[in-house]
> 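Before we start, here is the structure in question, set down as structure tokens.
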Amino acid sequence: MFHLLRGAIPALFFSFAALVSAQQTIAYPDDFPPLTLQTVDSAADSLAPAGSSNGKSARLSGNSITVQNGGSVPGRVYGAINLNDSEIVADNRVFISGVVEGRAVYGGYHYFASGNIATTGNVVTVSNGTVNDIYGGEVVTPSGIGTSADNSVTINSGTVNWGIRGGAAWSNFGAVAATNNNVTINSGTVHGDVCGGVAWSTFVTANASGNNVTIQGGAVRGNVSGGEAIGVGTAANNTVTIRGAPTFDINTVLYGGRIPSGGVSTGNTLNLHSANLTVGEVDSFQRMNFFLPGTLTAGGTMLAVVGSPGITSGAVNLTGVTVNVGLDGAGVMLRTGDRFILIDARELRGDFRSTSGTLGGYAYTLAKEGNRLVLTVGDLQSGPSREYTGQWHKPGEDNWGLSILQNFPGNRRYLFVPWYTYDRSGEAVWYIFQGDHWSGIDVISADVYRYTGPTWGVTPYDNNKITTTKVGIAKLTFTSATTAWFEYDVEGSKRTVELRKLE
């Protein structure tokens, strides 16, 4: 018996060592045996992978840490941590449905005095519960080079008491960068600031680029920044996208590429898909894209910038800003003469040269009127002037025609036309043409396709037997609500006929 045990002990030891070094999956507090919380980076009762209390998690990548609904962590939560050397912290996952009472939740955290250090690809997802600060990934290096890249934070519900940073990089004497980090807020409440990526270096370069914040629900009480470069640096090509019906405070400032201590802010974009939003100030964007949603009414406002005395100015600076307009999905129903207020500010700063273009087939002008930026709809340039959905036929020619479907929820200009007729041998045949490429008012052309499929009534239905063949082109010119010219060149047959709508 002794010999058997002596032979088994090394095997057991090897198995345990392999388990400790493997990627960890932790579900707190339901793991068995129960987990013991650790003191990590001077924060007692923290939840982190094995070995973190010694300054370096046993595995720095691929860990999955969950605080379950009903669970409570008095300290912090880490996907992985490294305070000991330059090995990067990457691709960890943290899921929060409970309560984290300590200062922060980190997808990945890396602190080291010198060398090249990084947190990359770490993810934090909050689906319920309450947390304080959240970092997708964070690096701190007094004199080294630090990078926080491709980290992300998603808030689906719950409460964040302080702030959110998708990625953060801090240094005194080293160059740092926060790049391509993302924050998405779908619901819940955030009481502090939200930043896609922040880079801070006291004496060397700090660059924040390619970071994104997307807010499509919930409430944000603090400021919102696509990216922030604090120190001598650049905030470039960061994006803030707002859609749905989130709410903001009159103290909220929307920043594209914020540079509070100087530097360069360039290529930063605001994408606005919502109506009836109110904030306190808008700054540091070089592009503003307004996508008119279906919830916007004629005379309505997309963004009101009202200001909060002593806190926010209510200002928007349009100097050097390129403004574009589009439709959010099907967007608002346009009519000649309608006016839409894109920005209604307390102070609309800078010169803005009036622009014009085409939107949803209508001409438009965009102009600054006092402290408002106003879009005015002109005449229809191309597209349908009315609704044409229905059955269309040629009087005197029975048993063939077109079924026209229009005004789809995602695109009111889109036309889908099944054409039921007969081929050269007299057999019934289906053609289909579709699209939204209107060449003028009430004039549309499209390629025609012939469809064949499995024998009718045979089960199971075999999708692999469906074939699609391009067979020609068709053109519809609507001359009234009930008449149209139908011109086609299909499978060697050319013809122009006048159609009428069945009523």
Side-chain angles (χ1 to χ4, degrees), residues 241-244 269-277 287-304 316 318 321-345 348 352-390 392 404-417 433-446 474-485 501:
T241 300
I242 302 173
R243 53 168 52 94
T269 300
L270 172 65
N271 295 318
L272 186 60
H273 299 254
S274 303
N276 306 312
L277 294 180
R287 284 189 296 269
M288 295 184 183
N289 300 323
F290 293 85
F291 300 91
L292 280 63
T295 54
L296 183 65
T297 58
T301 299
M302 291 190 69
L303 183 64
V316 180
L318 292 181
V321 176
T322 299
V323 179
N324 301 300
V325 295
L327 297 175
D328 179 46
V332 64
M333 185 69 76
L334 302 175
R335 292 181 299 270
T336 299
D338 283 348
R339 288 163 52 86
F340 301 96
I341 303 168
L342 304 187
I343 300 174
D344 186 359
L348 197 56
F352 181 81
R353 180 176 296 177
S354 297
T355 61
S356 60
T358 303
L359 178 66
Y362 286 83
Y364 74 83
T365 58
L366 185 62
K368 180 181 176 184
E369 298 180 4
N371 288 315
R372 290 179 169 182
L373 185 64
V374 180
L375 182 144
T376 302
V377 180
D379 292 332
L380 184 66
Q381 304 295 298
S382 67
S385 64
R386 57 176 67 87
E387 173 68 57
Y388 295 115
T389 295
W392 293 71
I404 296 179
L405 301 173
Q406 184 193 333
N407 207 13
F408 289 89
N411 185 346
R412 296 191 179 100
R413 290 164 52 85
Y414 202 88
L415 218 62
F416 178 77
V417 186
F433 56 96
Q434 57 187 310
D436 61 356
H437 300 295
W438 299 81
S439 57
I441 300 173
D442 295 326
V443 180
I444 187 170
S445 300
K475 179 180 179 181
L476 278 169
T477 302
F478 295 97
T479 52
S480 74
T482 57
T483 59
W485 287 102
K501 185 178 182 182

> Is it true that a side-chain atom of Asn371 and a backbone atom of Leu348 form a donor plus acceptor pair closer than 3.5 Å?
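It does hold such a pair.
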
> Which heavy atom in Ala481 sits nearest to a heavy atom in Trp392, and how many Å separate them?
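Scanning both residues, the minimum pair turns out to be O-CH2, 3.7 Å.
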
> With rounding to the nearest 0.5 angstrom, report the CG to OG1 distance, Leu375 to Thr355.
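Leu375 CG to Thr355 OG1: 8.5 Å, rounded to 0.5 Å.
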
> Drop me the distance from Leu303's CG to Thr301's OG1, to the nearest 0.5 angstrom.
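Spacing of CG (Leu303) from OG1 (Thr301) equals 9.0 Å.
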
> Decide yes or no on side-chain contact (heavy atoms from CB on, under 4.5 Å) for Phe340 and Val377, but give the supporting numbers first.
CA-CA 8 Å; Phe340 301 96; Val377 180; 3.8 Å; yes

> Mind checking what makes ring-ring contact (aromatic ring centres under 6.0 Å, His included) contact with Tyr362, not counting sequence neighbours?
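Here no residue qualifies.
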
> About how many Å separate CD1 of Ile404 and NZ of Lys501, when rounded to the nearest 0.5 Å?
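Interatomic distance, Lys501 NZ to Ile404 CD1, rounded to 0.5 Å: 8.5 Å.
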
> Give a yes or no answer on whether the side chain of Gln381 reaches the backbone of Gly357 with a donor-acceptor pair at less than 3.5 Å.
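Answer holds: no.
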
> Treating Thr389 as the side-chain partner and Gln406 as the backbone partner, does any N or O pair qualify as donor plus acceptor under 3.5 Å?
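Yes.
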
> Which residue pairs pass the side-chain hydrogen bond (donor to acceptor under 3.5 Å, both in side chains) test when at least one of the two sits in residues 332-343, sequence neighbours left out?
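Counting only pairs at least two positions apart or across chains, the side-chain hydrogen bond (donor to acceptor under 3.5 Å, both in side chains) contacts touching residues 332-343 are Arg339-Glu369.
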
> Say whether, by atom type as modelled, one donor and one acceptor occur between the side chain of Arg413 and the main chain of Ser382 under 3.5 angstrom.
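The answer is yes, because a donor-acceptor pair under 3.5 Å joins these two groups.
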
> Tell me whether the count of non-hydrogen atoms from other residues, nucleotides or ligands lying under 6.0 Å of CZ in Arg353 goes above 12.
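It does not: Arg353 CZ has 12 such atoms or fewer within range.
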
> Quick check for you: to the nearest 0.5 Å, what is the distance between Leu318 atom CG and Lys368 atom NZ?
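So the gap between those two atoms works out to 6.5 Å.
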
> Apply side-chain contact (heavy atoms from CB on, under 4.5 Å) to Leu476 and Leu415, showing your working.
CA-CA 10 Å; Leu476 278 169; Leu415 218 62; 4.3 Å; yes

> Quick check: closest heavy atoms across Gly435 and Ile444, and the distance to 0.1 Å?
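Scanning both residues, the minimum pair turns out to be O-CD1, 3.6 Å.
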
> Using the side-chain hydrogen bond (donor to acceptor under 3.5 Å, both in side chains) rule, collect all pairs that involve residues 433-442, keeping only residues at least two apart or in two chains.
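Passing the test, one end in residues 433-442: Ser385-Asp442, Tyr388-Asp442, Asn411-Asp436, Tyr414-Gln434.
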
> From Leu366 CG over to Ser354 OG, what is the distance, rounded to the nearest 0.5 angstrom?
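The OG atom of Ser354 is 7.5 Å from CG of Leu366, to the nearest 0.5 Å.
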
> Of all the heavy-atom pairs spanning Ser274 and Pro293, show the shortest one and how long it is.
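Nearest heavy atoms, Ser274 then Pro293: C-CG, 3.9 Å.
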
> Quick check for you: to the nearest 0.5 Å, what is the distance between His273 atom NE2 and Asn289 atom CG?
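Rounded to the nearest 0.5 Å, the NE2-CG separation comes to 8.0 Å.
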
> Dump the intermediate steps for side-chain contact (heavy atoms from CB on, under 4.5 Å) on Leu327 and Arg412, then the final yes or no.
CA-CA 11 Å; Leu327 297 175; Arg412 296 191 179 100; over 6 Å; no

> Evaluate Lys475 against Val443 for side-chain contact (heavy atoms from CB on, under 4.5 Å), listing each step before the verdict.
CA-CA 7 Å; Lys475 179 180 179 181; Val443 180; 3.6 Å; yes

> Between Leu342 and Leu292, is any pair of side-chain heavy atoms under 4.5 Å apart?
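Heavy-atom side-chain distance check passes, below 4.5 Å.
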
